Student: 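Pasting in a structure now, in structure tokens, and then I'll have a few things to ask.
The residues of the chain are indexed from 1 along the displayed sequence. Not measured: the values here are computed from a predicted model.
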Amino acid sequence: MANSTAKSAFLQWYEPHHQKLVRYCSSKAFGVMSAEDLVQEAILATLANWEKIKDRDKLLGYMIGVVNNLVRNHRRRAPFRGQWDEQQLNALESRLGDAATALDISFLLKAIDQLPKKQAEALQLFEISGFKIKEIAALQQSTEGAIKTSLSRARQHLRKTLAEDGRRLSVGERLHIYTSILF
């Protein structure tokens, strides 16, 4: 009976954060696993440790940490492979209907993976998941000014990296398209 009580208590705390977590998982899951699987694994891992979570007001931050750990562990376990992932490109193309834009998005996601961890996370939280700078600062235990700097540096790095590929879309356009295909 205590198990069902814990589940209902968890669901009550989790419900307001569901959409933001789904959007964040969608941005982190590319090339790793399906977003739905990542959300489910994060929920199960959080539920398993529900009784150990002391500050439940920071549940979303805790769950983002769980997602980051799941992705990191999955990538660590996966063998190195330098091959083209046709299946991922086809999934993007089917959502967009345009192979060139799908390729642009694929380049963008690979460039985001090359950013320092805090910058990539801040960019994904702000641009893709729709978090406010104040929320990101609380999640990363940083100041709003530091988050703004991280976002600026991430965008600058992406502009530089993506300008070299000769593609027709700007960083902002690529982020906007990627965000729109997630939801």
Side-chain angles (χ1 to χ4, degrees), residues 2-78 105 108-158 171-172 174-176 178-183:
N3 194 13
S4 66
T5 306
K7 284 180 187 177
S8 39
F10 167 75
L11 289 173
Q12 196 171 28
W13 280 90
Y14 169 71
E15 183 61 35
H17 306 295
H18 177 72
Q19 287 303 319
K20 286 186 176 183
L21 182 72
V22 169
R23 289 180 67 110
Y24 185 72
C25 287
S26 296
S27 69
K28 293 294 280 185
F30 185 80
V32 177
M33 64 179 74
S34 76
E36 295 83 13
D37 289 345
L38 187 55
V39 170
Q40 289 177 2
E41 284 192 39
I43 290 171
L44 288 174
T46 304
L47 185 57
N49 292 309
W50 179 245
E51 297 299 325
K52 298 175 188 172
I53 299 173
K54 295 182 185 348
D55 190 358
R56 294 183 176 167
D57 289 329
K58 296 182 180 178
L59 178 65
L60 184 59
Y62 178 87
M63 292 185 81
I64 285 174
V66 169
V67 168
N68 290 338
N69 289 337
L70 288 169
V71 169
R72 189 177 314 113
N73 289 341
H74 189 276
R75 285 188 175 153
R76 192 176 314 148
R77 280 187 230 124
I105 300 301
L108 172 67
L109 295 174
K110 291 190 186 316
I112 289 173
D113 278 344
Q114 294 174 3
L115 291 171
K117 180 185 169 212
K118 291 279 188 180
Q119 287 180 12
E121 184 178 269
L123 186 71
Q124 289 170 327
L125 288 169
F126 184 75
E127 296 288 354
I128 298 169
S129 300
F131 283 74
K132 293 178 174 59
I133 290 176
K134 188 175 187 176
E135 294 172 318
I136 299 168
L139 289 171
Q140 290 190 347
Q141 298 175 344
S142 186
T143 64
E144 291 180 38
I147 298 303
K148 290 177 184 177
T149 301
S150 288
L151 289 171
S152 175
R153 288 180 181 163
R155 288 182 190 120
Q156 183 178 20
H157 183 269
L158 289 176
V171 171
R174 293 174 202 225
L175 281 169
H176 178 72
Y178 181 58
T179 302
S180 69
I181 64 171
L182 289 176
F183 290 96

Student: Apply side-chain contact (heavy atoms from CB on, under 4.5 Å) to K7 and Q12, showing your working.
Tutor: CA-CA 9 Å; K7 284 180 187 177; Q12 196 171 28; over 6 Å; no
Student: Atom CZ of R153 and atom NZ of K118: how far apart are they, to the nearest 0.5 Å?
Tutor: 14.5 Å
Student: Under the side-chain hydrogen bond (donor to acceptor under 3.5 Å, both in side chains) rule, collect the residues that match up with Q140, sequence neighbours excluded.
Tutor: E121
Student: Tell me, do W13 and I53 make a side-chain contact under 4.5 Å, heavy atoms counted?
Tutor: no
Student: Taking only residues two or more places apart in sequence or in another chain, which ones pass salt bridge (charged side-chain N to carboxylate O under 4.0 Å, His left out) with E135?
Tutor: K20
Student: Identify, with sequence neighbours excluded, every residue that meets side-chain hydrogen bond (donor to acceptor under 3.5 Å, both in side chains) alongside H18.
Tutor: Y14
Student: Without placing hydrogens or testing angles, list every side-chain donor-acceptor pair under 3.5 Å for residues 141-152, not counting sequence neighbours.
Tutor:
from : atom 1 : to   : atom 2 : distance (Å)
T143 : OG1    : A146 : N      : 3.1
T149 : OG1    : G145 : O      : 3.0
S150 : OG     : A146 : O      : 3.2

Student: Under the side-chain contact (heavy atoms from CB on, under 4.5 Å) rule, what do Y24 and N68 come out as? Steps first, then yes or no, please.
Tutor: CA-CA 10 Å; Y24 185 72; N68 290 338; 2.7 Å; yes
Student: Say you draw a straight line from CZ of R155 to CD of E127; how long is it, rounded to the nearest 0.5 Å?
Tutor: 4.5 Å
Student: For a quick test of your reading: what N or O donor-acceptor pairs under 3.5 Å do the side chains of residues 56-64 make, sequence neighbours left out?
Tutor:
from : atom 1 : to  : atom 2 : distance (Å)
R56  : NH2    : W50 : O      : 3.0

Student: Looking only at non-hydrogen atoms, find the nearest pair between A122 and I136 and report the distance.
Tutor: O-CD1, 3.8 Å
Student: Would you please name every residue forming a side chain to side chain contact (heavy atoms under 4.5 Å, CB included) with A111, sequence neighbours left out?
Tutor: L158, T161, L162
Student: Provide the full list of side-chain hydrogen bond (donor to acceptor under 3.5 Å, both in side chains) pairs with a residue in residues 35-46, sequence neighbours left out, each pair given once.
Tutor: S34-D37
Student: Which pair of non-hydrogen atoms, one from V66 and one from A42, has the smallest distance, and what is that distance?
Tutor: CG1-CA, 3.8 Å
